[in-house]
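Some notes on the structure that comes next.
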Amino acid sequence: MRYIPNTDSDCAAMLQAIGVRSVEELFADIPRAVVLKRPLKVPPALSEFELARHMRALAAKNADADRYSVFLGAGCYNHFSPSIINHLVLRGEFLTPYTPYQPEVSQGTLQALYEYQTWVCLLTGMEVSNASMYEGASATAEAVLMAQRVTGRNGVVISRAVHPEYRTVSRTYARQLGVSFREVPFTEAGVTDIAQVRKALNEQVACLTVQYPNFFGGIEDLAPLAEAAHAVGALFVVAVAEPVALGILKSPGECGADIVIGEGQGLGTGTNYGGPALGFFATREKYIRYMPGRLVGQTVDREGRTGYVLTLATREQHIRREKATSNICTSESLIAIMATMYMITMGPQGMRDVALMNLRKAAYAKDRLGKIRGYRPRFDGPTFNEFVLRCKKKPGDVLKKLLKRQIIGGLELQRFYPELADCLLVCVTEQNSRNEIDALAKALGGA
Amino acid sequence: MRYIPNTDSDCAAMLQAIGVRSVEELFADIPRAVVLKRPLKVPPALSEFELARHMRALAAKNADADRYSVFLGAGCYNHFSPSIINHLVLRGEFLTPYTPYQPEVSQGTLQALYEYQTWVCLLTGMEVSNASMYEGASATAEAVLMAQRVTGRNGVVISRAVHPEYRTVSRTYARQLGVSFREVPFTEAGVTDIAQVRKALNEQVACLTVQYPNFFGGIEDLAPLAEAAHAVGALFVVAVAEPVALGILKSPGECGADIVIGEGQGLGTGTNYGGPALGFFATREKYIRYMPGRLVGQTVDREGRTGYVLTLATREQHIRREKATSNICTSESLIAIMATMYMITMGPQGMRDVALMNLRKAAYAKDRLGKIRGYRPRFDGPTFNEFVLRCKKKPGDVLKKLLKRQIIGGLELQRFYPELADCLLVCVTEQNSRNEIDALAKALGGA
Amino acid sequence: MSSTEKTVGTRGLAFNEPLAFEQGSPGRIAYSLPASDVPEKRAEALIPKRLLRAGIRGLPELSEVDVIRHFTRISQWNYCVDLGFYPLGSCTMKYNPRLNEDMARLPGFAKIHPYQPEELTQGALQLMWELEQYLADVSGMDRVTLQPSAGAHGELTGIMMIRAYHESRGKPRKKIIIPDSAHGTNPATSTICGYGVVAVKEGPRGVVEPKAVAEVMDQDVAAIMVTNPNTLGLFEDHIVEVAKIVHGKGGQVYCDGANLNSVMGISRPGDWGVDAIQINLHKTFSTPHGGGGPGAGPVALKKHLAPFMPVPTVEKKGPRFTLDFKRPKSIGKVRAFAASFGVLVRAYTYIRTMGPSGLRRAAEIGVLNANYILSQLRGVYDLPYDRYCKHECVFSDALQSKTDIHTLDIAKRLMDYGFHPPTIYFPLIVRGALMIEPTETESKENVDQFIAAMRRIAQEAQENPELLRHAPHNPKVTRMNETKAAREPKLRWTPGDRHAGD
Amino acid sequence: MSSTEKTVGTRGLAFNEPLAFEQGSPGRIAYSLPASDVPEKRAEALIPKRLLRAGIRGLPELSEVDVIRHFTRISQWNYCVDLGFYPLGSCTMKYNPRLNEDMARLPGFAKIHPYQPEELTQGALQLMWELEQYLADVSGMDRVTLQPSAGAHGELTGIMMIRAYHESRGKPRKKIIIPDSAHGTNPATSTICGYGVVAVKEGPRGVVEPKAVAEVMDQDVAAIMVTNPNTLGLFEDHIVEVAKIVHGKGGQVYCDGANLNSVMGISRPGDWGVDAIQINLHKTFSTPHGGGGPGAGPVALKKHLAPFMPVPTVEKKGPRFTLDFKRPKSIGKVRAFAASFGVLVRAYTYIRTMGPSGLRRAAEIGVLNANYILSQLRGVYDLPYDRYCKHECVFSDALQSKTDIHTLDIAKRLMDYGFHPPTIYFPLIVRGALMIEPTETESKENVDQFIAAMRRIAQEAQENPELLRHAPHNPKVTRMNETKAAREPKLRWTPGDRHAGD
Ligand SMILES: Cc1ncc(COP(=O)(O)O)c(C=O)c1O
Ligand SMILES: Cc1ncc(COP(=O)(O)O)c(C=O)c1O
């Protein structure tokens, strides 16, 4: 077995040194009754190239974006990842260390995560960021729990234009802590209904949560929402599932957000059937001690050289145990580092360019598709790289027909919004060429 | 341009420091008449992902071994390369240094090449190896030139069972130095005709060159050939185009070879349409100073620590100029390092196993195909992983029919041997499953 | 450091590298994008101006080679499994096979979207379904949810399901029993799930005694969270009895499966009476830790908990695989989409590489290596629980603290010798703990080198304690001022910061 | 080294690592192969026993993680472009784009066989055909053979073709004129091609004077081999006249194109009167050097030399690409198969990434960087030819040798500062040469850091020469005993060697 170096004679020498005759003796403390008497029911070992062949065959059963035109977003975005990211992240020095508990021999990871925290702040307009969370939905849930800790209140007002899975996960996390949720509807512009928000807000509310851009691609006007939340002493929580949008959209921090969380898989990592992903979590300095997750801080060594350490661990489970701000331990360092590579590769100009390109392509598509008989945009507000398309025909049937042309045309909204059962959510990124969009339009015209 | 960091303002600052107003001034020494007045005729720049798409489309026009069953060898072997090799060789520390002229900061490359020289000796049974040559054919040519230097003679006797391209390249290299070639035929066993060899040898002959296993996959009996060469004072040169065979075959060194050269692309690098490849070159200690190419030697630093340097450079062009043993400079270090990774990954057991597997699969195929009506092995001697198959039908037509089943069935020998115009050279490696062989057999039966 | 001369650790050329934010030049670029193939409308034409920003101020402007160098240089400041022995206890720093990385990058796995129709993701679903079967058999359980993103996330999911189970039977109950050798995630998880924590002490043999559990077990206790093998590296040999006691009062047994690697193929939590267990794929199943994730923490369950699994589950209907969202008793979801799929691909690849006997052998050799270290350092370092261990052995600095040398000094000195330190000061019940987990992917020679270094350090502690107090000497930086870091938190670069390199 | 503290170079943890051959344990494995699916005949049943060996004695037996660690550790002992500035003159150590590596690894390029039928390699042939067009235009020539595997191999091929050309016109002639600033490969190539070498000296401006050429040019001279821009970094501004003189006597002009990078898009060898030139793709076109290859050295030709190109050439017939072997005047072949194809894929990718203006800008900025260094070190180091340079500038140690500090000391000291040394002691015509080629992929900041280091070293040469004589101090090893290496050559490990680490 190529992953297990010790040979029989190595083992024999070790057994002798230990003073036992067999490895079994080392397991003598396991009660006989619970010793497994048969081999595991796992297929026999495959050699490297048999296995690679098997995996290629398995992978070929999935329709990948190299072979299909994909217009799916909805919280998982198919952005281009520059080649260097994959090369750099495959360096064993990034791939194979543990969480940087020993700073002297972990400065690479630590500096990269410090850089990560920095750009998250710059992007979101916030003051502090942790070193990553699992992904966007659970980060949203953690934001709710943090708001509860900060305010001591149990109510949550959340927009129905927040990703349905983010809402589900928030409920799943929060219900055992007595948090109650109130959902507010969206308008015909495809954004959160601020009048309804105002009605829902009161002095029992810990936070108001919206998504930016929202699940329909709509661009919420954050400032008045922030004002409304702050008016009742609630925190304003903004979820960003598509951070590429922040290349051109005003930062949530500038609009009054108290906590910004989101999802960073689109920044260099790819879709990967939804994971691994990257939860980010940023807030204002005054709330640092309420934050979940790891924090990297800058300091100096005994000789005065700048360096980085994990810090403020007194918030965390391994120090505070049941009083910790969260139970999170392993998070998504490597994905955070990949996203850092992405952000540094793109720079301010690249982030602006890619955001603009998404905006323009989606606008082109919205315009093009909306002119086809039997299709029109469902909402009339501004959108980023996604929009809702109402179909005369059954959306499910439309999608099936598109599949025949190797086009995955979007998401049936019926799955999450019965009232939008006649709608598709269509996403267009910089990876969708105009030809693809035109092919989609043509296919829809014929479908 | 992402590969060129200096911005216009960087350039302006530098121009000012230099004291010129424009970059053009730095080119003022180029006579006006020969300054190019138009842009280069090269297509406009493509962004990374447009280019990747273009390249994928271009690559898709080639039939690769993931999609086709390939039974081609003939000097370029489709062996499996363990995943770790690609990962390790992509480390910038191996990929992006120059030839290790500065040993203090090149110990990684130097130690790896010292290890390379070591396994080449162990594999071939020789005493010294250089640090690599371009590829097998030119290494064969360099062996001829070296034999000429050692013996002061101008005749070369070479077997017709040596790879036709190795023979062509040897002639191309050697003709301007007055070397004359005599080719000796092969027998019905598919090996060099030793009686003819003996006739061809005389005191004007610098070397006898054979291939092992030979171009037909046949396994030459080296010892008597060595004896014959030595009897007239000629060097015995053995070319090894398929070093995997040396996992089970007696080493040429043990059989009396004076120079062993060959091709190492099969050891971890892959086929790559024939290149980059890896020429290896090994000989006896007494001939070191006649050897072409770089040599790495072990030594110590000023503090007594073991380390490695390029050594015996007085043979080389950069010191000896027109009196050098060769003009070679850049060779194939990285491919040599990949092959070293391969050899160390395989170890003695792996090399034996993979060699046996090639032997057995090819034997199975030879047996299976030889029983099909209209096909039989052309020669009756033992073979390694290749064999010559005589076809009743026109080999070209047979191959064309196989292509329809995604099978590339072998090489038409007519291309190199008019007398074998009814033959195919078929290669079977560990990458060809029995199913593939059976499918080939079935297709031949029907073809 | 002349004394480390013939060991693995030494010094060599390293590169200073400031923060990326402190580098670059306006207008420099490292990215490329195609020219626009659609009308180049101004952003203001599509989005109200008040919602737009000028740009992301502060992001650096570098070229591609600058980015490559930045990350290549800083990467070299890291210790990692690919460079050497990493005996971090409880973290199972085994070798992370490169093949797994290749497989996870196949376009058919990497470039697929979670909302693609099921008929276009049959390969992904099949992989998940098969992985569930494998993990169920390894753990001896009935079902497995693949959704959680790490060990602690699995704990959370498991305890939520237990809570839902109790709720379905009337009330959620109030408390969870946790032995005090437990990892911090266990009590933290309990709190998030709305439970109080009842601590039980391990007995003198380092394991939980049935009596102690019986004393605190009552109808208010929802579950016990027991780590087995535990964080002392010991097998909880009363686990079957403990489970009976807990079950007897209607409680559930949750096992923290972080250490499953040492019993895999030998004994199964399901057979011990465990109702739910998370499996850290980034430990037992070789997926890389990546400096702190991604991981995955599937939870294996007994049948009675299955109705509460998060949605979707993967089901097989004839030859077809589907996602099942219609599970009325489900707790809901603990993350968006199905799972940390890329991590699952790696773990699947690992299992198919190892096969049944390989998995078992991994457990055996890991345990053998740990016991070998235990036997060779016994007497050199204090061994609070001197029994055969499982995946790890736990020493303390009791012998060295006599000369005022502490676990931290020993840990830092190991770096000079070219080793990563063990887990230190955990578990909390051992004062000055040194928790050493070698894993099965280390050869006897590596383990011997580590043992030799540990012995020399023990000697140095006596002969030259200053050397240890000032360790490490070989890495690029030495001990960090952690107090300053916590007192004056500097958690990000801000435009205007001085160059950190100065 | 306190004096290098605020520079790029410093020290950090490094790992000792013996030879692979000194490691391992019998029976340990790092490979895997499938179980045999064909009859497992014994080798003796298929091959006479006397032709068989027992095994390859001496190969080490390691596990996969051992192999990973071995190569990861030793790799860290290397300096490389990915880590820093590598101003090795004439070697053009520009950034090697990672995208090129990805493209070369596409299965449709990497997993194809050279003898596949043409209809199954149309993509490969198209790539080669297009690359030939690009290189022909960059060089201003008519045809290009892609076959040679490196620069020197290209020289060989070029001179062989020139010889064949002369032979076709009667006789091969006898001599080749070579300026004495030429690279060693030029005279060595001439010898292998059966030519004697006639040296010409550069004039006082560092370039070949027409007069000098006219003096030696006669009917016995087959060609001149001229490097332009030359190894002093200077443009041979009499090249047109020189070419006329040579052509006047029936000779050919061969250009060593190793430095083509600095005139690409600006001026073309074909327009200078050059008949043949090799193009080092691993220099000008960014393919990685890999510690000494693989490279590729296509040779671009004027029409009259085309009949002599090695076979096969790539031709386009309508929409189809074919290999042409039927070239009766061909010199034959200089390697098996068509070319170092994988290198061609990388160069092609680079050209398509750069486009016409990118290629030109690469030349311009490389030249700008070189002249900037020249201007900033003028006076600090001796500058034998003080003119605007092209890709590189050449200094000497004349100023420093007064305090007995030599080029070698300066070179080694640069390592401490985190830089690779320049090419040293070449070209031979400059005593103690320091040949500095920055390339276009270095930013002004990097170049400034290098200049600062060079200035400090000049200062150290005066103030603390011992520091330089004992340099380098930061790398894992210091100066090597090269005499011992040459006097007692130890060129391989043999079973029985002591461990090198001892
Ligand atoms: C015993 C134990 N439980 C739980 C965890 C938490 O696992 P994770 O970091 O994957 O969340 C760990 C990780 O260190 C552990 O060692
Ligand atoms: C001027 C010059 N000519 C020729 C060569 C030889 O090129 P290669 O190493 O590719 O064979 C070099 C390489 O250093 C060179 O600098």
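The sequence lines fix the lettering, A, B, ..., with proteins before strands; numbering per chain opens at 1. Because only heavy atoms are used, hydrogens play no part in the values below, and waters and symmetry mates are left out as well, while side chains stay in. These figures come from a predicted structure and were not determined experimentally.
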Just so I understand: if I count every heavy-atom pair under 4.5 Å between each of [options] and chain C, which residue has the most?
options	answer
Lys250(A), Glu104(A), Arg434(A)	Glu104(A)
Cys121(A), Gly136(A), Ser433(A)	Cys121(A)
Cys11(A), Pro31(A), Ser331(A), Ser138(A)	Ser331(A)
Ala13(A), Gly274(A), Pro382(A), Ala137(A)	Gly274(A)
Tyr364(A), Tyr134(A), Tyr101(A), Trp119(A)	Tyr134(A)
Ile335(A), Val354(A), Leu246(A)	Leu246(A)

Of the backbone (N, CA, C, O) and the side chain (C-beta and beyond), which part of [X] lies under 4.5 Å from a heavy atom of chain C, both, or neither?
X	answer
Leu122(A)	both
Leu145(A)	side chain
Arg320(A)	neither
Leu90(A)	both
Glu135(A)	side chain
Arg171(A)	neither
Met343(A)	both
Val300(A)	both
Leu411(A)	side chain
Ile408(A)	side chain
Ala324(A)	side chain

Return yes if a side-chain donor-acceptor contact under 3.5 Å exists between [X] and [Y], otherwise no.
X	Y	value
Thr109(A)	Asn78(C)	yes
Glu155(C)	Thr185(C)	yes
Glu115(A)	His70(C)	yes
Arg105(C)	Asn86(A)	yes

Heavy-atom proximity to chain A below 4.5 Å, by part of Arg268(C): both
Side chain / backbone / both / neither for Arg28(C) at chain A, heavy atoms under 4.5 Å: neither
Minimum heavy-atom separation for Ala63(A) and Ile112(C), please, with both atom names. O-CG2, 3.4 Å
So, taking the atom named CD1 in Ile365(C) and the one named CD in Glu442(C), what distance separates them when rounded to the nearest 0.5 Å? 13.0 Å
To the nearest 0.5 Å, what is the distance between CZ (Phe337(C)) and OG1 (Thr271(A))? 10.0 Å
Partners meeting salt bridge (Lys or Arg N to Asp or Glu O under 4.0 Å) with Lys41(A) (sequence neighbours left out): none
Partner residues of Asp102(C) under the salt bridge (Lys or Arg N to Asp or Glu O under 4.0 Å) criterion, sequence neighbours left out: none
Using the six-membered ring wherever Trp is involved, compare the ring planes of Tyr86(C) and His420(C) and label them parallel, tilted or perpendicular (cut-offs 30° and 60°). parallel
As an exercise: rank Val263(C), Ile192(C), Thr191(C), Ile351(C) by heavy-atom pairs under 4.5 Å with chain A and give me the winner. Ile192(C)
Most contact-rich option vs chain A, by heavy-atom pairs under 4.5 angstrom, among Ser286(C), Pro288(C), Pro310(C), Ser190(C), is Pro288(C)
Tell me whether Tyr273(A) contacts the main-chain N or O of Ala124(C) through its side chain, where contact means a donor paired with an acceptor under 3.5 Å. no
More than 12 heavy atoms of other residues, nucleotides or ligands under 6.0 Å from CZ of Arg67(A): yes or no? yes
